[in-house]
Protein chains: 2
Amino acid sequence: MSGAPIDSFKALAHPTRFAVLQSLIGKERNVGEIEEATGIAQPGLSQQLAVLRNSRLVTTRRDAKLVYYSLNTELFVDLAAILAQFGPVDDANIPPAVKRRFTTGVATFARMG
Amino acid sequence: MSGAPIDSFKALAHPTRFAVLQSLIGKERNVGEIEEATGIAQPGLSQQLAVLRNSRLVTTRRDAKLVYYSLNTELFVDLAAILAQFGPVDDANIPPAVKRRFTTGVATFARMG
DNA sequence: AATCAATTAATGAAATTATGTATATGTATT
DNA sequence: AATACATATACATAATTTCATTAATTGATT
């Protein structure tokens, strides 16, 4: 057993996958573009993309032959909310979107032992 | 090579280490207390604590025979700031403390390709 | 010196990851 | 329907990491 958010953290805590995610900030890219941006050979890249897909850090969209990847920005907000729980209690540090998540219960799991 | 924040993410993306971190939210604990809270045998726990120390997610303080662990809350703010970069561009999602980090440059590395 | 809390070292088994090659799938083109 | 292209999956194997134990070590206290 491992827990969904732990899997997400594990998925992003990886040099090449992190580089892939960085290449997707602000723009979607197809696999070929990611391959070019990161220099990882196709089958290996496809594996790493599968890890990112399974952890739901990215979403895909197909346009004809090409598959476009983009960040699941919602999930990143959730993950940031979880990490914020380990930060200072100082209310100024709790972001609006994160605060929303607290009351919505998304990050609640991390408060339970 | 791996990068400091990636190492931090990797360190926390681990079921027992994450449990240790959770047990430290809001209060410091000595090793014996953590051992009791998590049920991990002592030498193994000490190893996991070493990982957390090396990634600077926790700090320690010695009081006589006991070593007390607490969260490095500052670092968690930084990590949250890094993840926020992968979130929606919507300004409402960017927390004050995180915004401060942006202008301070702490999270800048993640913007570079 | 004896004891206690914690860390480090050392070991071997088990699991994960990386890499390369080959194959399969889905779509488009002819 | 055959071919080509982009991407995904399957496999095999080598390399690395992780895990759990046991043992030894350090630092502080009595």
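Every chain is numbered from 1, with letters handed out A, B, ... down the list of sequences.
A donor-acceptor contact shorter than 3.5 Å is absent between the side chain of A/N30 and the backbone of A/Y68. The backbone N or O of B/A64 lies less than 3.5 Å from a partner atom in the side chain of B/R62, making a donor-acceptor pair. Judged by distance alone, the side chain of B/R17 and the main-chain N or O of B/Q48 form no donor-acceptor pair under 3.5 Å. Side-chain atoms of B/R29 do not come within 3.5 Å of backbone N or O of B/S70 as any donor-acceptor pair.
Distances shorter than 4.0 Å separate none of the side-chain N or O atoms of B/Q48 from OP1 or OP2 on D/dT18. In terms of phosphate contacts, B/H14 brings no side-chain nitrogen or oxygen within less than 4.0 Å of OP1 or OP2 of C/dT16. Regarding contacts with the backbone of D/dT7, every side-chain N or O of A/Y68 stays at 4.0 angstrom or more from both OP1 and OP2.
Whole-Å rounding puts the A/E33 CD to D/dA6 C1' distance at 12 Å. Rounded to a whole Å, the CD1 atom of B/I34 is 11 Å from the C1' atom of C/dA6. Rounded to whole Å, the distance from CD on B/Q47 to P on C/dT11 is 14 Å. In this structure, B/L45 atom CG and D/dA20 atom P are separated by 12 Å, rounded to whole Å. Note: CG (A/N30) to P (D/dA8) measures 10 Å, nearest angstrom. Taking atom CD1 of residue A/I40 and atom P of nucleotide C/dT19, one finds them 9 Å apart after rounding to whole Å. Here the C1' atom of nucleotide D/dC5 and the CD atom of A/E35 are 13 Å apart, to the nearest Å.
A/L57 has its side chain out of reach of A/L71: every pair of non-hydrogen atoms, C-beta onward, lies at least 4.5 Å apart. A/S46 is listed as a side-chain neighbour of A/Q42, based on a closest heavy-atom distance under 4.5 Å.
Across all non-hydrogen atoms, the minimal contact from B/S55 to B/L75 is O-CD2, 3.5 Å.
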Could I get a table of every N or O pair under 3.5 Å where one atom is in the protein and the other is in nucleotides 22-30 of chain D?
none

Should B/R53 and B/Y69 be marked as a side chain to side chain donor-acceptor pair (under 3.5 Å) after you check the CA-CA gap, both sets of side-chain angles, and the distance that decides it? CA-CA 9 Å; B/R53 258 185 282 121; B/Y69 280 77; 3.1 Å; yes

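Below 30°, between 30° and 60°, or above 60°: for B/F86 and A/F76 the angle between ring planes is below 30°, a parallel geometry.
Residues of residues 49-58 of chain B that place a heavy atom closer than 4.0 Å to DNA chain C, in numerical order, are B/L49, B/R53.
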